[in-house]
Amino acid sequence: MAVALVAAPAQALDLTPHGTQPLLQTPLESTNNCVGCHRGYNATQSQFLPHSTWGGSMMANATRDPLFWAALDVANKDYPGAGDFCLRCHTPMGWLGGRVLKKGDGTNQPANGASGCQLTGDYDDDDGYDNDYGGVTCHYCHRMMPSGPQNQPFAIGNANAWIDDAATCVTSTGYEYGGACRRGPYHYANDGREPPHGWVASPLHSSSALCGSCHDVSTPDTDQGPLKTLVLENGTATTRPFPIERTYSEWQRSLHADLIFRDGLQAAPSGQPALAKAQQCQNCHMPNSTDPLAQACTLNEEGSRTGDLRTHTFVGANTWIPAVIKTLYGSEGGFNRPADYDRAVAWARAMLQTSASLSTTVTAFTAPTAGSAGNVTFRVRATNLSGHKLPTGYGEGRRMWLNVKLFNAGNALVAESGAYDPATGVLTEDGQIKIYEVLQGIWDPTPPGACRTESGGQKHFHFVLNNCVAKDNRIPPLGFHPRTAEDPNGDEVRPVGYAYPETAPGSGTLVNYDDTVYSFVLPAGMPLPLRIEANLRHQIASKEYVEFLRDQAVGAPAIPAENTLCAGGPGRPFTVGPQSQSRGEFLYGLWNDPAHGKSPPETAATSTVLAGN
């Protein structure tokens, strides 16, 4: 599907009209302002102090991510100015500072601001005051408020956040400081640990709603309504904003968020594990440190926060991009945080390995003989142990699949489903493969109508133009009930093109597992026993997605090389990053470089069983 690049009308639509707008009277402070007290300076402290645990995360590197920049260019190509919507989340410092599209003072818009060309600093700069590439910063989250300055309600999604912009802060203990308050989940009762800056206790910072501010993403909610509205798979046009990501909503509609378990007294439904209390996003993605030396600040005594300190790991499932950024910008010669990235990758891999379980059950087996083939039939059950769909998040190019291998007694491979070639990045989509993914597309009204996710046999990924879901078979979380009063049909989050059974007839709650049945012919004379090995693999960016981003960059009208695109911008030309390449070409080069491994899949769970022994 070819999408023509057209001239952007001068602010025809405001894609980001809600929440705090640029410019702030009290600008966000740089993360470097927090380093002195909140970064660890030895291996032990680096496991729990906020800056050290944040430094390698995707939150800290949201503006350095080469995959993001390649996708941003496609969004701007599809809908000029769409980058305003994307950069609001990925560089709150630059966006709120008026260096994207909105200056906030009535003057002209920055040239190529939606492409990030007016951001200050560059990719390998440290996170100082003049660098907008420091991702989602300390001040952004810790100045987030539960309501607006005129008591406007807190909003979920699209970074429609309210940021404290007061000129002074009166702390919860009555001290007054210049500048806006830092907000967090703790209350200091004159116990000697009160920080030397303005602060107030904030229950919001212990709740999933804080995360939902950015981790539910809809089509831009413009000043004239949704940019794209959802078309259902039967062609019904709704008035609902198209749901791009729904991680927060997935959690909210699961048992993990169910308030009935908050006091830990109620019995769990039959067959479901008891939860002591509702699990907030922070429980998994900011786990408490149990280190006996845990402290939130180097000015406090060691051990003052043991078991009561949320580490700022913000860990997810992305192991590829942190490793790439470490090599590009984060080692010596850049801002020199290599150990932060190593920890981030290790934490992400560990989290992924707690997200799911696999079990394999042989249901039929006929042993091969010297003169005749045998066969085996078995079921692989994948169970979602996370608090949201598996996988979740930004769907383009992201997938999980079952890789099943059969080995004979001599350990020779007999058969395989879901084979992946690390040398080419090709996933073989055989007749039995199970891929868990969401495929979004553009509705084609040509009778009989269809949600198009391919053009000319090639997958396309136009997230800013998408208005329909062709497939969503991602595994639901425990206790998932897609229907709500606001969304009675569950259109934002329900499976599409796939059916998950209810836990009980009429309950409206879906099971949190999926069964896949495989059947293979076993060659005559094959030595027994047969070993069946099942692995659940996770990949951040598929070959098709990376090649699409490259092809969009070089296809007419071509997207210029970054230094050409941003000529005249602050600090240009850059001497790091894409430079003389477009961002899509740069990403493809990184993906194709053996040092970066073509977004290598990670194993989330495995199961092994013998047959014929």
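Heavy-atom basis, side chains included; hydrogens, waters and symmetry copies ignored.
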For the residue pair Cys451 and Ala470, what are the closest heavy atoms and their distance?
SG-N, 3.7 Å

If we ignore hydrogens and angles and just use 3.5 Å, is the side chain of Asn375 paired with the main-chain N or O of Phe365 as donor and acceptor?
no

State, with a plain yes or no, whether a side-chain heavy atom of Val217 is found less than 4.5 Å away from one of Phe85.
yes

Hey, could you give me the CD/CG distance between Glu396 and Leu439, rounded to the nearest 0.5 Å?
10.0 Å

Residue pair Arg399, Leu427: steps toward the side chain to side chain contact (heavy atoms under 4.5 Å, CB included) verdict
CA-CA 11 Å; Arg399 60 191 180 182; Leu427 173 63; 3.7 Å; yes

Note, Leu402 side chain near Ile433 side chain (heavy atom, < 4.5 Å):
no

So, for Val546 and Ala541, which heavy atoms are closest and what is the spacing to 0.1 Å?
CG2-CB, 4.0 Å

Quick check for you: to the nearest 0.5 Å, what is the distance between Thr509 atom OG1 and Arg253 atom CZ?
12.5 Å

Is it the case that the side chains of Ser359 and Arg379 hold a donor-acceptor pair, with the cut-off being a distance below 3.5 Å and no angle test?
no

Where is the tightest heavy-atom contact between Ala209 and Ile156, given as atom of each residue plus distance?
O-CD1, 3.7 Å

Using only heavy-atom distances, determine whether the side chains of Asp216 and Ser249 contain a donor-acceptor pair under 3.5 Å.
yes

So does Thr608 get a backbone contact from the side chain of Thr360, meaning a donor-acceptor N/O pair under 3.5 Å?
no

Can you find a pair of side-chain heavy atoms, one from Tyr248 and one from Cys211, that are under 4.5 Å apart?
no

Heavy-atom side-chain proximity of Val493 to Phe480 below 4.5 angstrom
yes

Within the 3.5 Å criterion, strictly below it, is a donor on Tyr329 or Asn61 matched to an acceptor on the partner's side chain?
no

Checking Asn592 against Lys598 for the side chain to side chain contact (heavy atoms under 4.5 Å, CB included) test, could you report, in this order, the C-alpha distance in whole Å, the side-chain angles of both residues, the deciding distance, and whether it holds?
CA-CA 6 Å; Asn592 205 39; Lys598 291 183 167 60; 3.2 Å; yes

Nearest heavy-atom approach of Tyr518 to Ser417 is CE2-OG, 3.7 Å

May I ask you to decide if the ring planes of His285 and His388 are parallel, tilted or perpendicular, using 30° and 60° as cut-offs?
parallel

Rounded to the nearest 0.5 Å, what separates atom CG in Leu390 from atom NE2 in His538?
7.5 Å

Under a 4.0 Å threshold between the charged nitrogen and the carboxylate oxygen, would Arg246 count as salt-bridged to Glu492?
yes

Would you say that Glu429 contacts Trp401 through its side chain, given a criterion of any heavy-atom pair below 4.5 Å between the two side chains?
no

Testing Asn512, Thr247, Asp472 for side chain to side chain donor-acceptor pair (under 3.5 Å) with Lys389, which one passes?
Asp472

To the nearest 0.5 Å, how far apart are CG in Leu465 and OG1 in Thr219?
9.0 Å

Would you say the side chain of Leu227 lies within less than 4.5 Å of the side chain of Pro241, judging by non-hydrogen atoms?
no

Counting distance only, does the side-chain N/O of Arg398 pair as donor-acceptor with the main-chain N or O of Thr392 below 3.5 Å?
yes

Under 3.5 Å, is there a donor-acceptor pair linking the side chains of Thr236 and Asn234?
yes

Close side-chain approach of Pro391 to Tyr436, heavy-atom, < 4.5 Å:
yes

Quick one: sort the Phe378 and Phe520 rings into parallel, tilted or perpendicular, breaks at 30° and 60°.
parallel

For Gln280 and Asn283, work out which heavy atoms get closest and say how close.
N-OD1, 2.7 Å

Between CZ on residue Arg337 and CD1 on residue Ile325, distance to nearest 0.5 Å
10.0 Å

Does Pro527 offer a backbone N or O that forms a donor-acceptor pair with the side chain of Asn408 under 3.5 Å?
no

Within a 6.0 Å radius of atom CZ on Arg240, are there more than 12 heavy atoms belonging to other residues, nucleotides or ligands?
yes

Are Glu562 and Arg583 within salt-bridge range, i.e. N to O under 4.0 Å?
yes

Worked verdict on Met351 versus Cys284 for side chain to side chain contact (heavy atoms under 4.5 Å, CB included):
CA-CA 8 Å; Met351 168 160 277; Cys284 292; 3.8 Å; yes

For the backbone of Gly506 and the side chain of Glu502, can you confirm whether one donor and one acceptor N or O come within less than 3.5 Å of each other?
yes

Look only at the side chain of Gln440 and the backbone of Ile244, and say whether a donor-acceptor pair between them is shorter than 3.5 Å.
yes

Take Thr446 and Asp444, measure what side chain to side chain donor-acceptor pair (under 3.5 Å) needs, and give me the verdict at the end.
CA-CA 6 Å; Thr446 305; Asp444 179 358; 2.8 Å; yes

For Asp73, is there any backbone N or O sitting under 3.5 Å from a side-chain donor or acceptor partner on Asn76?
no

Mind checking whether His460 and His462 have parallel, tilted or perpendicular rings, split at 30° and 60°?
tilted

Would you check if the side chain of Trp54 reaches a backbone N or O of Val136 as a donor-acceptor pair within less than 3.5 Å?
yes

dist Leu230:CG -> Ser218:OG (nearest 0.5 Å) comes out at 10.0 Å

Any luck finding a side-chain donor-acceptor pair between Thr319 and Glu602 under 3.5 Å?
yes

Quick one: are Leu232 and Thr238 in side-chain contact, heavy atoms under 4.5 Å?
yes

Scanning both residues in full, the closest heavy-atom pair of Cys86 with Phe68 reads CB-CE1, 3.9 Å

Polar side-chain atom of Lys77 near backbone of Gln552 as donor-acceptor pair, under 3.5 Å
yes

Would you find a donor on one side and an acceptor on the other, under 3.5 Å apart, between the side chain of Asp430 and the backbone of Gly418?
yes

Going through the checks in order, is the side chain to side chain contact (heavy atoms under 4.5 Å, CB included) test met by Trp347 and Ser57?
CA-CA 10 Å; Trp347 287 330; Ser57 70; over 6 Å; no

Give the ring-plane orientation class for Tyr545 versus Phe461, where under 30° counts as parallel, over 60° as perpendicular and anything between as tilted.
perpendicular

